**Student:** 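Have a look at this one before I ask anything.
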Amino acid sequence: MSLIGAATDVREKAHAPYSGFKVGAAIRAASGRIYQGCNVENVSYPEGTCAEAGAISAMVAGGDTVIHEVAVIAGGAEPVAPCGGCRQRLLEFAGPDVTVTMATTGGATRVMRMADLLPGAFDATQMGG
Ligand code: THU
């Protein structure tokens, strides 16, 4: 299955009764396995989680820690952009050249590299000294 196909499938399972905005994410990891996640909202709004966070949790639980490719899909007019927090979460496991394909259910896509999604990112080297 394609990565966008995997993201499209899991998007159907999103729990988004408050925003009505369902998101699906899929990660292809170094092992070749694909991990999926969807957004899971909560009546206490800040407790909701993004699709990317769910996919990352599934990946780590599945034994992978290196991201090779990411796809995210939602139903808006423009390809969905990962939120700031999820850019940092993805960067924990993805190098600067990893591509994130952002898509709409209508068929629009946009591809960006992690380095362009989160320029000037905080990383472990900044904790030295
Ligand atoms: N959302 C994601 O799951 N991923 C993104 O990349 C952007 C936003 C979710 C969070 C919330 O459940 C809904 O979309 C509206 O913000």
Side-chain angles (χ1 to χ4, degrees):
M1 173 182 291
S2 74
L3 207 56
I4 280 289
T8 301
D9 282 357
V10 72
R11 176 180 170 274
E12 296 299 327
K13 296 177 179 167
H15 177 71
Y18 307 106
S19 71
F21 190 69
K22 294 185 167 196
V23 185
I27 292 170
R28 191 188 313 281
S31 68
R33 290 181 64 190
I34 290 176
Y35 298 94
Q36 296 162 290
C38 56
N39 54 330
V40 181
E41 297 182 351
N42 191 279
V43 64
S44 177
Y45 294 177
E47 303 307 326
T49 51
C50 286
E52 295 89 333
I56 290 168
S57 289
M59 177 189 77
V60 173
D64 271 297
T65 53
V66 177
I67 293 176
H68 276 189
E69 195 182 349
V70 182
V72 189
I73 190 163
E78 297 291 325
V80 60
C83 78
C86 283
R87 294 176 195 212
Q88 185 76 40
R89 289 188 184 97
L90 289 167
L91 200 63
E92 181 75 13
F93 304 102
D97 292 326
V98 165
T99 58
V100 179
T101 299
M102 299 163 264
T104 70
T105 52
T109 58
R110 181 178 188 202
V111 181
M112 288 183 71
R113 296 163 62 243
M114 280 305 307
D116 297 320
L117 278 170
L118 194 57
F122 174 70
D123 66 27
T125 63
Q126 294 168 27
M127 290 192 293

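Small disclaimer: the values here were computed from a predicted structure and weren't measured. In what follows, residues are counted from 1 in the order of the sequence shown.
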**Student:** Does Thr104 use its side chain to pair, donor to acceptor, with the backbone of Ala108 at less than 3.5 Å?
**Tutor:** yes
**Student:** Under 4.5 Å between side-chain heavy atoms, counting indirect links through other Ile/Leu/Val/Met/Phe/Trp/Tyr residues: same cluster for Val60 and Leu91 or not?
**Tutor:** yes
**Student:** Among pairs that include at least one residue of residues 42-57, which meet salt bridge (charged side-chain N to carboxylate O under 4.0 Å, His left out), considering only residues two or more places apart or in two chains?
**Tutor:** none
**Student:** What residues form a side-chain hydrogen bond (donor to acceptor under 3.5 Å, both in side chains) with Ser31, not counting sequence neighbours?
**Tutor:** Asp64
**Student:** In Å, rounded to the nearest 0.5 Å, how long is the span from CD of Glu92 to OG1 of Thr65?
**Tutor:** 10.0 Å
**Student:** Salt bridge (charged side-chain N to carboxylate O under 4.0 Å, His left out): which pairs involve residues 95-104, sequence neighbours left out?
**Tutor:** Asp97-Arg113
**Student:** Val43: which other cluster members, linking ILVMFWY side chains closer than 4.5 Å, directly or transitively?
**Tutor:** Tyr18, Tyr45
**Student:** Could you tell me which residues satisfy side-chain contact (heavy atoms from CB on, under 4.5 Å) with Val10, sequence neighbours excluded, listed by chain and number?
**Tutor:** Gln36, Cys38
**Student:** Work out which heavy atom in Cys50 is nearest to a heavy atom in Cys86; give both atom names and the distance.
**Tutor:** CB-SG, 3.4 Å
**Student:** Of all heavy-atom pairs between Phe122 and Gln88, which one has the smallest distance, and what is that distance?
**Tutor:** O-NE2, 3.2 Å
**Student:** Test of understanding: with side-chain hydrogen bond (donor to acceptor under 3.5 Å, both in side chains), list the residues that count as partners of Glu41, not counting sequence neighbours.
**Tutor:** Ser19
**Student:** Could you state whether Met102 and Phe21 fall into the same hydrophobic cluster, counting links through intermediate Ile, Leu, Val, Met, Phe, Trp or Tyr residues with side-chain heavy atoms under 4.5 angstrom apart?
**Tutor:** yes
**Student:** Using the test side-chain contact (heavy atoms from CB on, under 4.5 Å), find all partners of Ser2 that sit at least two apart in sequence or belong to another chain.
**Tutor:** Ile4
**Student:** Of all the heavy-atom pairs spanning Ala29 and Tyr35, show the shortest one and how long it is.
**Tutor:** CB-CE1, 3.8 Å
**Student:** Can you name the residues that form a side-chain contact (heavy atoms from CB on, under 4.5 Å) with Ala26, not counting sequence neighbours?
**Tutor:** Leu3, Ala6, Ala7, Ile34
**Student:** With sequence neighbours left out, write down each residue that passes side-chain contact (heavy atoms from CB on, under 4.5 Å) with Val98, or none if nothing qualifies.
**Tutor:** Ile67, Val70, Ala94, Met114
**Student:** Suppose the criterion is salt bridge (charged side-chain N to carboxylate O under 4.0 Å, His left out): which pairs have a residue in residues 69-82, not counting sequence neighbours?
**Tutor:** Arg28-Glu69
**Student:** Just by distance, with hydrogens left out, do Asp123 and Thr125 show a side-chain donor and acceptor under 3.5 Å apart?
**Tutor:** yes
**Student:** Which ILVMFWY residues are connected to Met1, directly or by a chain of links, through side-chain heavy atoms under 4.5 Å apart?
**Tutor:** none
**Student:** Do Val72 and Val23 have side chains that get closer than 4.5 Å, going by heavy atoms?
**Tutor:** yes
**Student:** What pairs with Arg110 under salt bridge (Lys or Arg N to Asp or Glu O under 4.0 Å), at least two apart in sequence or on another chain?
**Tutor:** none
**Student:** Would you say the side chain of Thr105 lies within less than 4.5 Å of the side chain of Ile73, judging by non-hydrogen atoms?
**Tutor:** yes
**Student:** Could you see if Met112 belongs to whatever hydrophobic cluster contains Ile27? Use Ile, Leu, Val, Met, Phe, Trp, Tyr and a side-chain cutoff under 4.5 Å.
**Tutor:** yes
**Student:** How long is the gap from CG on Asn39 to NZ on Lys22, to the nearest 0.5 Å?
**Tutor:** 9.0 Å
